[in-house]
There are 2 protein chains.
Amino acid sequence: MKEQTTQLDMVKLGIVANTCACFNLRKASRAVTQLYDEILQPSGLLTTQFTLVVAVSIAGSTTITRLAEDLVMDRTTLTRNLKPLERQGLIEIVPGQDQRTRVVALTAKGREALTKAIPLWEKVQASVVEGLGQNRWSRLLSDLSDTVLLAHKG
Amino acid sequence: MKEQTTQLDMVKLGIVANTCACFNLRKASRAVTQLYDEILQPSGLLTTQFTLVVAVSIAGSTTITRLAEDLVMDRTTLTRNLKPLERQGLIEIVPGQDQRTRVVALTAKGREALTKAIPLWEKVQASVVEGLGQNRWSRLLSDLSDTVLLAHKG
DNA sequence: GAACAATAGGTGTATATACACTTGAGCTAT
DNA sequence: ATAGCTCAAGTGTATATACACCTATTGTTC
C-alpha cells in the first residue's frame with residue numbers, strides 16, 4: 001500500500017499524455033504543419049503565411065482587429081505575422097478612414113503568390129483527406145470547429 | 001465569361017479557409033491552448049511546459065532525441081523548450097553514458113509543480129470532454145492520432 | 001588503428017504566438 | 001467644450017517552432 005500514491009500518479013500521467021486536448025492538438029498541428037510546409041515550399045510561402053494571405057484575400061479590405069477575430073488569433077500576433085508578408089510585398093497596410101485603424105489588403109504580387117500556391121495546397125490537402133477518408137475528415141473538421149467554439153467562449 | 005477565373009478563385013479560397021487541415025488544426029490549437037493556459041495559470045506552468053514535464057516524467061530518464069521523437073517535435077525545438085524548465089529547476093539535464101547524449105530527468109521541484117498542476121488540468125480537460133461529449137471527444141482523439149501518423153510518415 | 005560515416009546535440013536565424021503595457025484617436029456625458 | 005471612457009493598434013518581452021549549419025563523440029571499414 002505504501003506505493004499507492006506514486007502508482008496513482010503514474011496512471012494519471014499516462015492519461016494526461018494520451019488524452020490532453022491541448023497536447024494532442026498541438027502535436028497534430030506540428031505534424032501537419034511540417035507536411036504542408038514541405039509541399040508548399042516551391043511557392044515560397046509557409047503554410048501559416050499562405051492561410052493568412054487567403055484570409056486577407058477573402059476579407060477584401062479589413063482591419064487588424066477584425067481579421068484577428070476571424071482567425072481566433074491574438075491581435076498582436078497578427079500584427080507580427082503580417083510583417084513578413086508586408087516586407088515581401090504580398091500585402092499592403094494603409095491607414096483607414098477611422099484614423100485608429102489600419103486596413104490590410106492583398107497586392108498583385110500577393111495574388112500571384114496565391115495562384116502559385118493553391119495547386120500545391122490542393123495536392124497536400126487531398127493527400128490528407130484521402131488518407132483519413134472523406135467521411136472521417138469531414139467529421140474531424142466539424143469536431144475541430146466545435147472545439148474552437150467551446151474553447152473560445154469558455 | 002471574362003470573370004470566370006476570378007470567380008473560381010474566390011470559391012477555391014473559401015474552400016481553403018473552411019477545410020485546410022493545417023489552418024483548422026492550428027486555429028483549434030490556439031483556442032485550446034489559451035483556455036488551458038488560463039486554467040493552469042495558478043500552477044505557474046504554461047500548458048506546453050506542463051505537457052513537457054509530463055512527458056519527461058513518463059519517460060523517466062531519456063535523451064533529447066528520443067523525447068523529441070515521442071513528442072513529434074523537432075529536436076532543436078525541444079532543446080529550446082527545455083531551457084525555461086531547467087532554469088526554473090523543474091528538470092535537470094546531465095551528460096549520459098554515451099558522451100554525445102544528454103539525459104533529461106524530473107527534479108523534486110518538478111514533481112511538486114506537477115502535483116499542483118494535475119488537478120487544474122483535470123478540471124479544464126473535463127470541461128472540454130463534457131462540452132464535446134465523451135463519444136465525440138474519443139473520436140476526435142483517435143482522428144487526431146491517425147492524422148499525426150498520416151502526416152508524420154507521408 | 002586511422003580514415004570515414006553515422007549519430008547526438010547545440011547555435012544562428014526566422015517565424016508564430018500571446019500577455020502586459022503604452023499611445024493615440026474617437027465617443028459621450030455633462 | 002472638455003474630461004473621461006472606449007477602442008484600434010503597436011512594442012517589450014517571453015515562449016514555441018523548425019531549418020541550416022556546426023561540433024564532438026561513437027561506430028565501422030579497411
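Note that the structure is predicted; figures quoted are calculated from it, not measured. Residue numbering restarts at 1 for every chain, and letters A, B, ... go by the order of the sequence lines.
If you take NZ of A:K27 and C1' of D:dA16, they are 17 Å apart, rounded to a whole angstrom. Between the P atom of D:dT17 and the CG atom of A:D37 lies a distance of 14 Å, rounded to the nearest Å. Computed from coordinates, the A:K83 NZ to D:dG12 C1' distance equals 12 Å when rounded to whole Å. If you measure from atom CZ of B:R26 to atom C1' of C:dT17, you get 9 Å, rounded to the nearest angstrom. Counting to the nearest Å, the P atom of D:dA18 and the CD atom of A:E38 are 13 Å from each other. With rounding to whole Å, B:E69 atom CD is found 14 Å from D:dA18 atom P. The separation between B:D74 atom CG and C:dG9 atom P is 13 Å, rounded to whole Å. Between the CG atom of A:L25 and the C1' atom of D:dA16 there is a distance of 16 Å, rounded to whole Å.
Environment of CD in B:E130: sparse, with no more than 12 heavy atoms of neighbouring residues, nucleotides or ligands closer than 6.0 Å. The environment of CD in A:E122 is crowded: more than 12 heavy-atom neighbours from other residues, nucleotides or ligands sit within 6.0 Å.
Side chain of A:R102 to main chain of A:I64: no donor-acceptor pair is present (N/O by atom type, distance under 3.5 Å, no hydrogens or angles). Under the 3.5 Å distance criterion, the side-chain polar atoms of A:S61 are left unmatched by any main-chain donor or acceptor of A:A105. Using a distance-only test at 3.5 Å, with no hydrogens or angles considered, a donor-acceptor pair links the side chain of A:T79 to the main chain of A:R75.
For B:Q34, whose side chain is taken as the heavy atoms from C-beta onward, the closest listed nucleotide among D:dC19, D:dA16, C:dC19 is C:dC19. Checking C:dA18, D:dC19, D:dT17 against the side-chain heavy atoms of A:M73 singles out C:dA18 as nearest. The side chain of B:P84 sits closest to D:dA16 out of C:dT17, D:dA16, D:dT17.
Between B:R26 and the choices A:T33, A:T48, A:T47, the side chain to side chain donor-acceptor pair (under 3.5 Å) rule is met once, by A:T33.
Less than 4.0 Å separates DNA chain D from at least one heavy atom of each of the following residues of residues 87-119 of chain A: A:R100, A:T101, A:R102. Of the residues in residues 40-66 of chain A, those placing a heavy atom less than 4.0 Å from an atom of DNA chain D are A:T63, A:I64, A:T65, in numerical order.
Side-chain contact between A:S142 and B:R136 is present, with at least one heavy-atom pair separated by less than 4.5 Å. Inter-residue side-chain proximity for B:L46 and B:Y36 is flagged as unmet; no heavy-atom pair is nearer than 4.5 Å.
A donor and an acceptor atom, one from each side chain of A:T65 and A:E69, are nowhere located under 3.5 Å apart.
Contact between the side-chain N/O atoms of A:T79 and the OP1/OP2 oxygens of D:dG10 is found at a separation under 4.0 Å. For C:dA18, one of the phosphate oxygens OP1 or OP2 lies less than 4.0 angstrom from a side-chain nitrogen or oxygen of A:T77.
At a cut-off of 3.5 angstrom, counting only N and O atoms as typed in the model, there is a donor on one side and an acceptor on the other between the side-chain of B:R80 and the base of C:dT13.
When heavy atoms are screened at a 4.0 angstrom cut-off, B:R30 is found touching the sugar-phosphate backbone but no base atom.
Taking the nucleotide of DNA chain D with the nearest heavy atom to each of B:R75 and B:N81, the more 5' of the two is matched to B:N81.
Both A:I93 and A:M73 are part of a single hydrophobic cluster, where members link through side-chain heavy atoms under 4.5 Å apart.
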